[in-house]
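Heads up: the structure comes next, in structure tokens.
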Amino acid sequence: MSDPMNEIVFENVRDIDLEHVFQCGQCFRWTPVNGGAGGYAGNVQEYQGAAGQWYCRARLDRDPAVENAGTLVLDVSGGSRDFWENYFDLKKNYGEIKTRLVREEPEIVRATEAGGGIRILNQDFWEVLISFIVSQNNNIPRITKCIRGLCEKFGDPVFADENGEEWYGFPSPESLASATTEDLAEIKLGYRDEYIIRAARRFLELGEPSGTMEEKRTELLGYHGIGPKVADCIMLFGCREFRAFPIDTWVKTIMNDMYGFDRKDVKGMQAFAREKFGDLRGYAQQYLFYLYRDKK
DNA sequence: ACCCAGGTGGCTT
DNA sequence: AAGCCACATGGG
């Protein structure tokens, strides 16, 4: 027997595509429902996943007349309408963001068109913190597997879907703070399990970073296992710091290809992003990242 | 067997 | 400040 769900409908959402949202590397707990490539069946996209302690089945009935638009129907195990509206960032005008980016840097139009339905989710800080520590020197399929393992072993069951499959909430900080490396071994985090345990304990002491962006960054860099790249991801996806511009191997390739930067010149890339994309550089980074991920 | 993946810590110049 | 290298794990 599946658990009951609440339906929440958002009509006429602009600048949204569920494949862009869930495959752009910002989150790791959403999967296409019917195994269709990217969750497509005609003009319907369907994904299921979880945010914090809530399960959600998300369907986008796409408007055939408008690109990256449609009616978003959520079947959720909990969470208010406001919670989900905020999670999907539905109050923000992404059309305007794309227009401004292209005005400053016309070449980026390739990226804003390829990932035109990207929205930066408002995710829980703690979940983002742990997820991106797992991400270092790792690939997306395996990151996904590791995080599922963490949820199934250390999270609470929150929902049984119609196939009888159990979904789990993200582990609490306490549950990971009290875990041992032996407990974590079966998750196959490799050398990262020490990082996870220490991060959980430090988060319980410090809570979420606050202050200016630089202050948040400094605090994040104090975590063992968090360097500049992971700190920028956590700020962008978990702290609503849209001026963060994470530079990973893909972005290095992009910056080399499009603008001729030496792959080692991370400082130069940051300065370029700050100058060209200003306060919107976090969004720019997502469009660029998706463009190159999509090419593979 | 090697190289890579949303890199980082630690040690050596 | 910049340059190495080891670090688990799994896929190509």
Side-chain angles (χ1 to χ4, degrees), chain A residues 19-30 111 114-115 118-121 123 125 127-150 152-153 179-202 217-239 241-258 261-271 273 281-296:
Chain A
E19 183 180 356
H20 298 173
V21 169
F22 294 129
Q23 313 282 359
C24 70
Q26 62 177 324
C27 59
F28 304 99
R29 291 211 286 153
W30 292 83
I118 288 174
R119 285 175 170 271
I120 298 186
L121 299 169
Q123 301 183 72
F125 169 79
E127 178 171 342
V128 173
L129 174 76
I130 295 303
S131 298
F132 280 88
I133 290 175
V134 173
S135 80
Q136 68 124 310
N137 199 30
N138 210 341
N139 57 62
I140 290 179
R142 216 174 78 81
I143 297 163
T144 302
K145 203 175 294 180
C146 289
I147 290 170
R148 184 165 53 238
L150 281 173
E152 288 177 359
K153 184 166 168 70
T180 64
T181 50
E182 290 75 27
D183 298 331
L184 285 169
E186 70 182 83
I187 314 292
K188 303 296 183 190
L189 295 162
Y191 63 91
R192 304 173 192 82
D193 46 22
E194 194 69 41
Y195 295 162
I196 300 296
I197 294 166
R198 293 175 65 175
R201 293 177 181 166
R202 186 172 150 97
R217 196 163 197 265
T218 301
E219 182 168 324
L220 287 169
L221 291 173
Y223 283 82
H224 211 68
I226 297 184
K229 149 53 174 79
V230 169
D232 286 342
C233 281
I234 295 170
M235 286 199 294
L236 181 55
F237 303 132
C239 297
E241 283 289 352
F242 304 109
R243 294 167 298 169
F245 190 83
I247 298 178
D248 68 346
T249 52
W250 294 100
V251 175
K252 286 175 185 169
T253 303
I254 293 162
M255 298 299 278
N256 175 256
D257 262 25
M258 288 180 69
F261 279 97
D262 187 297
R263 290 181 66 85
K264 290 178 297 183
D265 186 15
V266 173
K267 272 257 194 310
M269 297 178 197
Q270 286 287 1
R281 55 193 183 274
Y283 301 99
Q285 193 273 0
Q286 279 307 104
Y287 292 120
L288 291 169
F289 180 81
Y290 185 82
L291 174 67
Y292 269 54
R293 288 283 319 169
D294 200 35
K295 279 185 180 176
K296 298 295 279 188

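Residue numbers start from 1 in every chain, and the chains themselves are labelled A, B, ... in the order their sequence lines are given, proteins ahead of strands.
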Would you mind classifying the nucleic acid contact of [X] as base, sugar-phosphate or nothing, using non-hydrogen atoms under 4.0 angstrom?
| X | value |
| --- | --- |
| A:Y223 | sugar-phosphate |
| A:L189 | nothing |
| A:Q286 | base |
| A:G225 | sugar-phosphate |

*Is A:F289 stacked on the base of B:dG6, with ring centres under 5.5 Å apart and planes under 30° apart?*
yes
Write down the distance between [atom1] ([X]) and [atom2] ([N]), rounded to a whole number of angstrom.
| X | N | atom1 | atom2 | value |
| --- | --- | --- | --- | --- |
| A:D232 | B:dT8 | CG | C1' | 14 Å |
| A:K188 | C:dT9 | NZ | P | 6 Å |
| A:I133 | B:dG6 | CD1 | P | 18 Å |
| A:R148 | C:dT9 | CZ | C1' | 16 Å |
| A:Y191 | B:dA5 | OH | P | 13 Å |
| A:I140 | B:dG7 | CD1 | P | 9 Å |
| A:Q23 | B:dG6 | CD | P | 13 Å |
| A:D193 | C:dT9 | CG | C1' | 12 Å |

Which nucleotide, [options], lies nearest any side-chain atom of [X]?
| X | options | answer |
| --- | --- | --- |
| A:H224 | B:dG9, B:dG7, C:dA8 | B:dG9 |
| A:P246 | B:dT8, B:dG7, B:dG6 | B:dG6 |
| A:Q136 | B:dG10, B:dG7, C:dG10 | B:dG7 |
| A:V251 | C:dG10, C:dA8, B:dG6 | B:dG6 |
| A:N137 | B:dT8, C:dC7, C:dG11 | C:dC7 |
| A:T249 | B:dG6, C:dG3, B:dG7 | B:dG7 |

Between [N] and [M], how far apart are the two [atom1] atoms, rounded to whole Å?
| N | M | atom1 | answer |
| --- | --- | --- | --- |
| C:dC5 | B:dC2 | P | 15 Å |
| B:dA5 | C:dA2 | C1' | 24 Å |
| B:dG6 | C:dA6 | P | 23 Å |
| B:dT8 | C:dG10 | P | 22 Å |

_If you assign A:C24 and A:L221 each to the DNA chain B nucleotide with the nearest heavy atom, which residue ends up on the more 5' nucleotide?_
A:C24
*asked:* On DNA chain B, does the nearest nucleotide to A:R142 precede the nearest nucleotide to A:V230 from the 5' side, or the other way round? Give the residue.
replied: A:R142
Heavy-atom pair of closest approach, residues [X] and [Y]:
| X | Y | result |
| --- | --- | --- |
| A:I130 | A:A199 | CD1-CB, 4.2 Å |
| A:D262 | A:M269 | O-CE, 3.3 Å |
| A:F132 | A:C233 | CD2-CB, 3.6 Å |
| A:N137 | A:Y191 | CB-OH, 3.7 Å |

*asked:* For B:dG7, does the base pair up with any side-chain atom of A:Y195 as donor and acceptor (N or O, under 3.5 Å, distance only)?
replied: no
*Under 3.5 Å, is there a donor-acceptor pair between the side chain of A:Q26 and the main chain of A:L121?*
yes
*Looking only at side-chain N and O atoms, does A:S135 come under 4.0 Å of OP1 or OP2 in B:dA5?*
no
*Quick one: is B:dG6 close enough that its OP1 or OP2 comes under 4.0 Å of any side-chain N or O from A:R293?*
yes
*Which residues pass the side-chain hydrogen bond (donor to acceptor under 3.5 Å, both in side chains) test with A:R243, sequence neighbours left out?*
A:E241
*Verdict with supporting geometry, A:H224 and A:R202, side-chain contact (heavy atoms from CB on, under 4.5 Å)*: CA-CA 10 Å; A:H224 211 68; A:R202 186 172 150 97; over 6 Å; no
